[in-house]
Amino acid sequence: MAANFRTAHVTSATSPLFAQLTLSGDKSVSIRRALFSLFTTDTIRLTNYGSGEDCQTALLCLRSLGKHVEHEGNRVTISHREMPKQATLDCRNSGTTARLLMGLLAGRVGEWTLVGDESLSRRPMERVATPLRAMGAEIELADGGCLPARIVGRTLTGTDHDLKISSAQVKSALLLAGLSANGVTRVREPIASRDHTERLLGLTQAPDGFWSVHQSIQTVAVVSLRGKIPGDISSAAFWAVAGLLVPGSDISIENVVLNPTRTGWLTCLKNAGANVNARFERETSGEPVGTLQIRYGKFSPLHVYASEVPGLIDEIPALAVLAAMIDGESRFEQVGELRVKESDRLQAITNGLTAMGAKVEILGDDLIVHGGAKLRGATIDPQKDHRIAMSFALAGLVASGKTVIQDADCAAVSYPEFFAQLSKLVTDSLTLTE
Ligand code: S3P
């Protein structure tokens, strides 16, 4: 979806935010359900498919892999066509698409080239390629272990992977490769990352922490692809932060994914005494779904322990902005993974908050925000990183003067509607220009 603006100009919010929102389908769940169509010749119908560019990227790759994809509004129909024997797949900004496809294609007959945009072409791919090679995959990466990746499909052998980092993308790639490997593939990670892949495949975790897959699981996957995709909990986090920043706000968000591997930010805010509540309502295709309620109120500084990081990795930019407004020291431990996201988020958070007058430190891999200083408006270059752009737009709502978010349209990577929705809620405080 092309945005008709480029720059966002934000001034301090003059009234509370009152909203009842529903969100487009969760990005992680949408991309997985779409890509898993590669395991079936059945037609897959998805509703409330994510509107973000990353979700469109997954569909683009499916088309390049021969699938017939119809996309109308939030409905997507994916039907089977014969798969080509070679293809170049443009994964644009989507790390999830690229890494999952590496696992998915490593064991399929054919020659595949994965390319990405400037940001994705800087991100580490060796973390996926190395364990895949241990299964027999033939994968060649560009210098520095980045995209483009050239994959020649090979017969894979089931292998045990005891991962050193917790990454849902790596874990998922290996489990997906395991579906086309001979024998059993087992994957364990140090701390649980999001488990949407495991849920879609109907896996259960062994007492020793390993997830295992083998070829016959493929039929199970198809059944779980159907059904309405619940709203994106990472998009919801921006509204939670907005509601906790602007005095008097009261926001509810319906039909959101409440998967416990994604709700770490809610737990963090609750632990600090913030008025945020999640009400579980139902389970949809293996994902818990419910309503979030956020009410403005005072709370303590945030403390994120290393063991909690995978459960809120994408929400740290927004939480850091919030931390800057809370009196006292907030600490985010062991968040080094932020350096290899769509931008170096550790640096982007520090640069942005410092420019706005907050005191922020990076100590090793820890991020420390000394909150309570009044923020002042600044010009923010989000480095085309959607979550940085949205987070600093929220900072602008509580800063003096004007905050200018350059390339704010990059929000479309995960949340194309964000700035339009924000502008409805804070009419006087947001102007969008070319
Ligand atoms: C994702 C996993 C996370 C997350 C990303 C989406 C996924 O990345 O940051 O936005 O859908 O599996 P890592 O696996 O690199 O931690």
Side-chain angles (χ1 to χ4, degrees), residues 25-36 49-50 52-55 57-58 61 91-104 116 119-120 122-129 131 145-147 161 163-176 187 189-201 211 229-230 232-238 257 259 261-265 287 304 306-319 332 334-346 348-349 365 385-388 390-391 410-411 413-415:
D26 188 82
K27 177 158 88 78
S28 291
V29 175
S30 295
I31 293 176
R32 282 168 174 74
R33 290 209 196 165
L35 295 184
F36 282 29
Y49 188 75
E53 283 169 4
D54 276 4
C55 298
T57 296
C61 290
C91 303
R92 305 199 290 193
N93 197 248
S94 178
T96 306
T97 303
R99 294 188 176 127
L100 266 59
L101 278 175
M102 282 173 77
L104 246 156
S119 150
L120 186 59
R122 278 195 303 265
R123 298 181 65 186
M125 294 295 155
E126 208 54 85
R127 54 178 61 194
V128 191
C146 297
L147 295 186
H161 303 280
L163 301 175
K164 296 285 168 285
I165 51 166
S166 291
S167 158
Q169 293 176 356
V170 175
K171 175 180 57 174
S172 299
L174 300 174
L175 291 172
L176 295 178
V187 186
E189 54 186 346
I191 304 163
S193 64
R194 63 194 70 188
D195 64 358
H196 306 299
T197 297
E198 298 87 309
R199 284 171 183 260
L200 281 173
L201 296 176
W211 298 96
I229 298 173
D232 194 309
I233 184 161
S234 294
S235 298
F238 290 106
V257 172
N259 179 322
T261 60
R262 298 287 300 282
T263 50
W265 61 271
E287 292 288 349
V304 174
S307 61
E308 296 168 327
V309 170
L312 46 65
I313 187 73
D314 290 341
E315 288 73 47
I316 294 171
L319 292 176
F332 301 83
Q334 294 302 300
V335 291
E337 267 297 296
L338 290 180
R339 293 197 173 94
V340 289
K341 292 295 176 187
E342 287 83 328
S343 68
D344 177 344
R345 285 188 180 156
L346 207 45
I349 292 167
D365 279 346
D385 182 332
H386 53 131
R387 299 198 200 280
I388 298 297
M390 292 187 275
S391 299
C410 70
V413 162
S414 63
Y415 195 173

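One-based numbering, in listed order, for ligands and for the atoms of each. As a basis for the values below, the full set of heavy atoms in this structure was taken, side chains included, without hydrogen atoms, waters or symmetry mates.
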(Q) I want to confirm something. Looking only at heavy atoms, which of Arg32, Arg99, Glu315, Arg194 is nearest to atom 12 (O) of ligand 1? (A) Arg32
Q. Is Lys27 salt-bridged to Asp232, cutoff N-O under 4.0 Å?
A. no
(Q) Regarding ligand 1, does Ser167 bring an N or O atom to under 3.5 Å of one of the ligand's N or O atoms? (A) yes
Q) Of the listed options (Lys341, Lys27, Arg345), which comes nearest to atom 3 (C) of ligand 1 when hydrogens are ignored and any heavy atom counts? A) Lys341
Q: Say whether, by atom type as modelled, one donor and one acceptor occur between the side chain of Ser172 and the main chain of Thr197 under 3.5 angstrom.
A: no
Q. Salt bridge between Arg387 and Asp314, side-chain N to carboxylate O under 4.0 Å?
A. yes
Q. In terms of residue, atom name and distance, what is the protein heavy atom nearest to atom 11 (O) of ligand 1?
A. Ser28 OG, 2.7 Å
(Q) What protein heavy atom lies closest to atom 10 (O) of ligand 1? Include the residue and the distance to one decimal. (A) Asp314 OD2, 2.8 Å
Q: Say whether Val170, considering both its backbone and side-chain N or O atoms, lies within less than 3.5 Å of an N or O atom on ligand 1.
A: no
Q) Between the side chain of Asp26 and the main-chain N/O of Pro230, is any donor-acceptor distance below 3.5 Å? A) no
Q: Output yes when the distance from some N or O of ligand 1 to some N or O of Gln169 is under 3.5 Å, and no in every other case.
A: yes
Q.
Taking Asp54 first and then Arg92, would you say they form a salt bridge - that is, a charged N and a carboxylate O separated by under 4.0 Å?
A. no
Q: Show your working on side chain to side chain donor-acceptor pair (under 3.5 Å) between Lys171 and Ser193 and close with a plain yes or no.
A: CA-CA 9 Å; Lys171 175 180 57 174; Ser193 64; 3.1 Å; yes
